[in-house]
Amino acid sequence: VQLQASGGGLVQAGGSLRLSCGATGLTLDYYAVGWFRQAPGKEREAIVCRSSTDRKTYYANTNYANSVKDRFTFSGDNAKNTVHLQMNSLKPEDTAIYYCAAGSRVILSEYARPRGYDYWGQGTQVTVSS
């Protein structure tokens with residue numbers, strides 16, 4: 001099983017990036033899939049998760065996740081076994097390594113906890129310059 005995150009890069013403030021997470025060895029649609037970020041010197045934190053049961057997306061209840069709800073959008077492409085994170089109106093504080101993760105037993109009350117996920121992508125660096 002492998003998750004491959006891509007799409008990061010260097011962008012100016014106000015720009016956009018589209019992160020992708022492709023999977024081999026599992027079907028993402030059957031799993032809870034989350035996007036996480038880890039900024040320099042900080043712990044890994046959840047941004048958004050798509051539930052495997054109701055297929056809805058849930059943003060983490062954190063200050064950062066609340067700040068991106070209107071700028072970041074989760075989407076999935078079942079035909080390509082890939083999910084995306086569309087990131088618009090990027091800000092310097094969005095600079096971080098972004099990870100995708102998949103879990104088969106992620107319960108809704110714990111979707112924001114990294115430990116609940118079984119598989120992780122390698123991370124993709126997003127750098128936003130001011």
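What you see is a predicted model, and the numbers here were worked out from it, not measured in a lab.
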Is the Lys NZ or Arg CZ of R44 less than 6.0 Å from the centre of Y99's six-membered ring, within 45° of the axis?
yes
Minimum heavy-atom distance Q38-A96, with the two atoms named
O-CB, 3.4 Å
In the structure I gave you, are the side-chain heavy atoms of L3 and L28 within less than 4.5 Å of one another anywhere?
yes
Between R50 (side chain) and V33 (backbone), is there a donor-acceptor pair under 3.5 Å?
no
Look only at the side chain of N81 and the backbone of L26, and say whether a donor-acceptor pair between them is shorter than 3.5 Å.
yes
pair V68-I47: side-chain heavy atoms closer than 4.5 Å:
yes
Is the backbone of Y59 close enough, under 3.5 Å, to the side chain of Y111 for a donor and an acceptor to pair up by distance?
yes
With S104, which residues qualify under side-chain hydrogen bond (donor to acceptor under 3.5 Å, both in side chains), at least two apart?
D118
Taking NZ, NE, NH1 and NH2 as the nitrogens, is one of them in D29 or R55 under 4.0 Å from a carboxylate oxygen of the other?
yes
Near D54 CG, under 6.0 Å, is it more than 12 heavy atoms from other residues, nucleotides or ligands?
yes
Is a donor on one side and an acceptor on the other found under 3.5 Å between the side chain of N66 and the backbone of T62?
yes
Identify the two heavy atoms, one from A13 and one from P92, that lie closest to each other, and give their separation to 0.1 Å.
CB-CD, 4.1 Å
Among side-chain atoms of T127 and Q125, is any donor-acceptor pair under 3.5 angstrom?
yes
If hydrophobic clusters are built by linking Ile, Leu, Val, Met, Phe, Trp and Tyr wherever their side-chain heavy atoms come under 4.5 Å apart, do V106 and L85 end up in the same one?
no
What one should report as the nearest heavy-atom pair of A46 and A60 is O-CB, 3.5 Å
With a 6.0 Å cut-off (strictly less than), is the heavy-atom count around CZ of R105, excluding the residue itself, greater than 12?
no
CA sep, side-chain torsions, deciding dist, call: R37, I97, side-chain contact (heavy atoms from CB on, under 4.5 Å):
CA-CA 6 Å; R37 71 188 293 263; I97 300 174; over 6 Å; no
Ignoring hydrogens and geometry, is there a side-chain-to-backbone donor-acceptor pair from D94 to K91 under 3.5 Å?
yes
Counting only N and O atoms by type, is there a donor-acceptor contact under 3.5 Å from the side chain of T53 to the main-chain atoms of S51?
no
Shortest non-hydrogen contact from W120 toward P114:
CZ2-O, 3.4 Å
Can you tell if the side chain of V126 reaches within under 4.5 Å of the side chain of L17, non-hydrogen atoms only?
yes
Would you please say whether a donor-acceptor pair under 3.5 Å links the side chains of H84 and S20?
yes
Using side-chain heavy atoms (C-beta onward) and a distance below 4.5 Å, is N88 in contact with F72?
no
Inter-residue atom distance Q2.CD - Y119.OH, 0.5 Å rounding
12.5 Å
Can you hop from Y58 to W35 via hydrophobic side chains spaced under 4.5 Å?
no
On a heavy-atom basis, the closest approach of R71 and L90 is NH1-CA, 3.8 Å
Test ring-ring contact (aromatic ring centres under 6.0 Å, His included) applied to Y117 - qualifying residues, sequence neighbours left out:
F36
Within the distance-only criterion (no hydrogens, no angle test), does the side chain of Q86 pair as donor or acceptor with the backbone N or O of S75 below 3.5 angstrom?
no
